[in-house]
Every structure is written in structure tokens, then in C-alpha cells.
Protein chains: 2
Amino acid sequence: MKNKQKQIQLRDVQDVIDIIGGRWRGAILASLCDKEKRFNELKRDLGSVTPRTLTKELKYLELNKLVSREVDASSAVSVVYSLTKHGKSLEPLIGQIVVWGQKHRKVVLG
Amino acid sequence: MKNKQKQIQLRDVQDVIDIIGGRWRGAILASLCDKEKRFNELKRDLGSVTPRTLTKELKYLELNKLVSREVDASSAVSVVYSLTKHGKSLEPLIGQIVVWGQKHRKVVLG
DNA sequence: TTTTGTAGTATCCTAAAAGATAGTGGTATT
DNA sequence: AATACCACTATCTTTTAGGATACTACAAAA
């Protein structure tokens with residue numbers, strides 16, 4: 001049965017990469033590791049992301065319970081995004097990604 | 001300067017996800033963590049990948065020095081793919097991805 | 001009261017990723 | 001000699017991600 005076990009692991013890898021993969025999701029999560037942020041704050045952090053994409057990605061991450069969206073009704077139109085407990089469980093993984101990335105630079109295609 | 005440091009980290013995350021991201025690259029690397037494999041062996045491992053895609057992804061990983069391709073000229077048309085030293089440095093990261101993936105299942109969209 | 005900021009939507013469009021399918025040139029098997 | 005396996009390549013098509021741009025509704029600041 002250890003061959004079956006391997007198949008399961010491959011699916012795990014694919015699933016996780018589905019979640020944190022894509023142009024922005026990893027960076028969004030990494031940015032929120034730092035602290036909770038508001039929509040435009042994230043937007044500035046990420047640099048070139050469009051609002052359309054950011055909205056979409058945040059919704060995806062919300063759906064996957066990695067990010068929570070809270071409206072602060074008290075004082076203004078203010079929305080705060082933060083990592084859920086589930087999202088925070090990704091922190092060490094993202095930390096390791098950063099460490100690896102700092103050691104091994106990407107090769108760009110000619 | 002710690003804000004600049006944050007930007008760099010975000011770029012690292014994006015770069016690493018570029019490398020291991022995509023539908024197949026993570027799984028290919030995970031499969032090769034196990035042991036070196038041949039083309040069709042990988043193909044069977046990954047299940048539904050097409051040869052066109054597998055070829056492309058392997059070439060990308062080769063270009064990034066994560067995977068090496070060796071032709072065994074001695075006995076037959078036999079090609080062996082394996083992790084380079086650089087590729088092996090990803091093993092702990094992939095291991096952590098597997099662990100996280102086994103704990104936290106992906107939510108699929110309706 | 002005009003301007004600025006916040007938190008998005010809506011529409012359109014393009015480029016890249018990847019599936020489907022067929023074919024190729026060699027080797028090994030029976 | 002025929003069949004099957006290996007390691008691909010070629011072509012076509014679909015799907016998806018994500019950029020560009022413009023717009024909205026609301027609130028606070030100047």
C-alpha cells in the first residue's frame with residue numbers, strides 16, 4: 001500500500017499548491033502574516049495587482065477559511081482582512097518558502 | 001528599512017511559487033523526492049498529465065537546475081530524471097507542504 | 001462643496017497553461 | 001515479422017488567469 005500512499009502525497013502537494021499558488025495568493029498570505037490589513041493597504045503592498053484580481057483572490061482565500069474579512073461598522077467604511085487560525089497554520093510553511101527563495105534565485109527564461 | 005525587507009519577502013514568495021507552482025511542478029518534484037524516475041514512470045505517477053505538458057514542465061525544471069535529465073546510452077533508449085542537489089534542497093519544503101496538506105483539505109468551489 | 005480616499009464591481013480583452021489527439025523514430029519482445 | 005513499449009514532438013483547441021480600464025457608493029477631509 002505504500003504506492004497508494006505516494007499517490008495521496010502527490011495529491012496533497014497539488015492541492016496545497018492550488019491554494020497558495022497563482023500569481024498572488026502566496027504573497028497575500030505572506031503579507032497578512034505580518035499583520036492584518038485593509039483592502040487598499042494590501043493593494044499597495046502587492047504593487048501591481050488590480051482590484052478585480054485582489055477581490056477575487058481574497059474571496060477564494062476566504063472560502064478556504066485562510067483569511068477572514070471583517071467590516072468595522074463602528075466608525076467608517078473599513079474592512080479588515082486577517083489570517084484565520086487555519087491561515088496562521090501556514091506561517092511556518094511560508095516562512096520556509098521565504099528562506100528557500102532567498103537562497104535560491106529564480107532562473108528567468110531567455 | 002523593514003518595509004523594504006517585507007517587499008523583498010513578498011517577491012521571494014512569488015518567485016518560489018513561480019518555480020514550484022503550476023498544475024504539475026510541485027507534484028513532479030514530490031515524485032522525484034521519492035526516487036529517480038523515467039519519463040513514462042513519471043507520467044503514470046502523475047496520472048492525467050499529457051506528454052506535451054510533462055515534457056514542458058521537465059524542461060522548465062531542468063532550466064532551473066532542480067531536475068537533471070540523463071540519457072543512459074549504455075543499454076537502450078532510457079532517460080532518467082532525478083533531483084539535482086539544488087532540487088534536493090526543496091525536499092524539506094515539499095515535506096512540509098505534504099504535512100500541511102494532509103491536515104487541511106482544500107475547499108472546492110461550487 | 002469639490003476633492004480625496006475606501007472598498008470594491010463591471011466589462012472587455014489577451015496571453016499563457018494545459019488538455020486532446022495523433023504521429024515519430026527507435027528498441028525490445030514474442 | 002508483428003506488436004508493443006519508450007520518449008518524446010506537433011498541431012489544434014479550450015480553459016483560465018489575470019491585466020486594463022472605467023465606474024460606483026459611501027465617507028471624511030480640505
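Note on naming: letters A, B, ... go to the chains in the order of the sequence lines (proteins, then strands), and numbering restarts at 1 for each one.
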Residue-level proximity of residues 37-51 of chain A to DNA chain D when a heavy atom falls under 4.0 Å: A/T50

Residue pair B/W24 / B/T53, side-chain donor-acceptor N/O under 3.5 Å: no

State whether a side-chain donor-acceptor pair under 3.5 Å links B/K37 with B/S31. yes

Spacing of [X] atom [atom1] relative to [N] atom [atom2], expressed in whole Å:
X     : N      : atom1 : atom2 : answer
A/L61 : D/dA17 : CG    : P     : 13 Å
A/Y60 : D/dA17 : OH    : C1'   : 13 Å
B/W24 : C/dA18 : CH2   : C1'   : 10 Å
B/D72 : C/dA28 : CG    : C1'   : 15 Å
B/E62 : D/dA7  : CD    : C1'   : 13 Å
B/I17 : C/dA17 : CD1   : C1'   : 17 Å
A/L58 : C/dA7  : CG    : C1'   : 11 Å
B/E57 : D/dC8  : CD    : C1'   : 15 Å

Could you grab the distance from atom CD1 of B/I20 to atom CG of B/L93, nearest 0.5 Å is fine? 5.0 Å

How many angstroms lie between OG in B/S48 and CZ in B/R23, if you round to the nearest 0.5 Å? 5.5 Å

Is A/E41 paired with A/K35 through a side-chain N to carboxylate O contact shorter than 4.0 Å? yes

Which of C/dT9, D/dG18, D/dA7 is nearest the side chain of A/K59? It is C/dT9

Quick one: which of C/dT9, C/dA17, D/dT9 gets closest to the side chain of A/T55? C/dT9

Mind checking side-chain hydrogen bond (donor to acceptor under 3.5 Å, both in side chains) for B/R69 and listing every partner two or more places apart, or none if nothing turns up? B/Y81

Quick one: is B/R23 getting a side-chain N or O under 4.0 Å of the D/dT16 phosphate, OP1 or OP2? no

Residue-phosphate contact under 4.0 Å: B/Y81 side-chain N/O, D/dC8 OP1/OP2: yes

Have a look at A/R69 and say if it touches a base, only the backbone sugar-phosphate, or nothing, with a 4.0 Å heavy-atom cut-off. sugar-phosphate

Answer with yes or no whether B/R52 presents, from its side chain, a donor or acceptor under 3.5 Å of a partner atom in the base of D/dA10. no

I'd like to check B/V67 versus B/T84 (side-chain heavy atoms, cut-off strictly below 4.5 Å). Are they in contact? no

